[in-house]
There are 2 protein chains.
Amino acid sequence: MASNAVMEETLQVLKDHKLRVTPQRHIILAYLVSHHNHPTVETIRDGVGKELPNVGASTVYNTLNTFVDHHLVVELQNGDGSTHYDYFGTPHYHAICTNCGRIVDVTYPGFSDTEKSLEKKTAELSGYMISGNHMEVYGLCPECQIKLGIKNNE
Amino acid sequence: MASNAVMEETLQVLKDHKLRVTPQRHIILAYLVSHHNHPTVETIRDGVGKELPNVGASTVYNTLNTFVDHHLVVELQNGDGSTHYDYFGTPHYHAICTNCGRIVDVTYPGFSDTEKSLEKKTAELSGYMISGNHMEVYGLCPECQIKLGIKNNE
DNA sequence: TTAGTAAGTGAGAACCATTCCAATGTAACT
DNA sequence: AGTTACATTGGAATGGTTCTCACTTACTAA
Ligand SMILES: [Mn+2]
Ligand SMILES: [Mn+2]
Ligand SMILES: [Zn+2]
Ligand SMILES: [Zn+2]
């Protein structure tokens, strides 16, 4: 469940974006703000089951699509067939395990400069009017390295 | 249709990867090598219709998945609902139009260094054993800028 | 405070890209 | 040429996402 502070913060975020404040939107956004597990729609429905026992799947999809349109949330595919969602409060990118699908956040000092530089170069070379980017790095997560016998469990 | 040189090149690529050389694989790979339009499965089936009039959809999917497994081809989503495929002979990344879905190739001198640096930092920070990355930049393509009245058609 | 209204919700049907299946065909090796 | 493991095919199945529409609700302007 989301803390009082998170509920206030998300209420303000919805208002700032001129989105109608419905219980569904408020609770789903609060869930995303307080969980960084890159959940699927199914995971989100389970996660908000206490507060929204009868929320429709279409409502969750509609809500998330609205958040994506307003750039509050980003979509991620990790190859397991369903879309994952991520509240994007602070800039970061993702490392995705090619074996188990685990998604972890990554950032480092200077990442923002790398990003800006990539966008600037892209604008010059392509003529596109840039609005954003996605960077993902693929590999085996530490657990899968052990599981597959590639790295010893020290 | 693919040139003789492309047919020889792709034949060798299949052999190098120890893939059985079937007409379907040979022709589909040749199509991808000689078309940089980031086609969907439907586009590919149309494109090889002359040489493979009765190719099954499942064969195209199987073939492409095999190529992806062997890192010959990468998958791209541009939000239009179906997957796009790209022969990845030379490293580059993509600018994707958020309005019409157009995908264009981008690269610049030093891009490879940016990539390597990102992968190295990611390995250090996440513990993942890195095998690759995807970088995408989003924005409005020049045509859509004009179409939407954001840029004047000079 | 109270309509009035545009927008959001929910259950289920529909959609459709992709995968699965079982039968048939074939590339590669001997 | 014979063997065999693998590839191809068309059709059925799958399943994540969108659509439909009757109902409800959050905002707004008297
Ligand atoms: Mn994240
Ligand atoms: Mn490309
Ligand atoms: Zn893993
Ligand atoms: Zn465009």
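Note on naming: letters A, B, ... go to the chains in the order of the sequence lines (proteins, then strands), and numbering restarts at 1 for each one.
Between A:Arg45 and B:Pro23, the one whose closest nucleotide on DNA chain C sits nearer the 5' end is A:Arg45. Of the residues near DNA chain D, A:Ala57 and B:Thr63, the one whose nearest nucleotide (by heavy atom distance) lies more toward the 5' end is B:Thr63. Sequence order on DNA chain C of the closest nucleotides to B:Thr83 and A:Thr66 puts A:Thr66 first from the 5' end.
Ring orientation note: the planes of B:Tyr108 and B:Tyr93 are nearly perpendicular, at an angle over 60° on the 30°/60° scale. Aromatic ring pairs are classed by plane angle as parallel below 30°, tilted from 30° to 60° and perpendicular above 60°; the pair A:Tyr138 and B:His134 is perpendicular.
Residues B:Thr114 and B:Ser117 bring no donor and acceptor atom of their side chains to less than 3.5 Å of each other.
Note on B:Thr22: only backbone sugar-phosphate atoms sit closer than 4.0 angstrom, heavy atoms only; bases stay farther off. When heavy atoms are screened at a 4.0 angstrom cut-off, A:Asp80 is found touching no nucleic acid atom at all. Counting non-hydrogen atoms under 4.0 angstrom, A:Thr40 reaches nothing in the nucleic acid.
Atom CD1 in A:Ile28 sits roughly 8 Å away from atom P in C:dG10 (whole-Å rounding). What separates CD of B:Gln77 from C1' of C:dT18 is a distance of 12 Å, to the nearest Å. Taking atom CG of A:Asn62 as the reference point, atom P of C:dG10 lies 10 Å away to the nearest angstrom. In this structure, A:Arg20 places its CZ atom 10 Å from P of C:dA6, rounding to the nearest Å. When rounded to the nearest whole Å, the span between CG of B:Leu11 and C1' of C:dA28 equals 14 Å. The nearest whole Å value for the distance from the NZ atom in B:Lys15 to the P atom in C:dC29 is 10 Å. Nucleotide C:dT26 holds its P atom 14 Å from the CD1 atom of B:Ile27, rounded to whole Å. Straight-line distance from the OH atom of A:Tyr61 to the C1' atom of C:dG8: 18 Å, rounded to whole Å.
Taking 4.0 Å as the cutoff to heavy atoms of chain A, we find the contact window on DNA chain D bounded by D:dG16 to D:dC27.
Among residue pairs with one or both ends in residues 20-53 of chain B, those qualifying as ring-ring contact (aromatic ring centres under 6.0 Å, His included) are B:Tyr31-B:His35, B:His38-B:His94; sequence neighbours excluded.
Summarising the geometry of A:Gln145 relative to B:Tyr128, their closest heavy-atom pair is NE2-C, 3.6 Å, with the distance given to 0.1 Å.
Not counting sequence neighbours, B:Tyr61 has no partner by the ring-ring contact (aromatic ring centres under 6.0 Å, His included) test.
Below the 3.5 angstrom threshold, one finds a donor paired with an acceptor across the side chain of A:Ser58 and the base of C:dA11.
Within a 6.0 Å sphere centred on CD of B:Glu42, other residues, nucleotides and ligands contribute 12 heavy atoms or fewer.
OP1 or OP2 of C:dG10 has at least one side-chain nitrogen or oxygen of A:Gln24 nearer than 4.0 Å.
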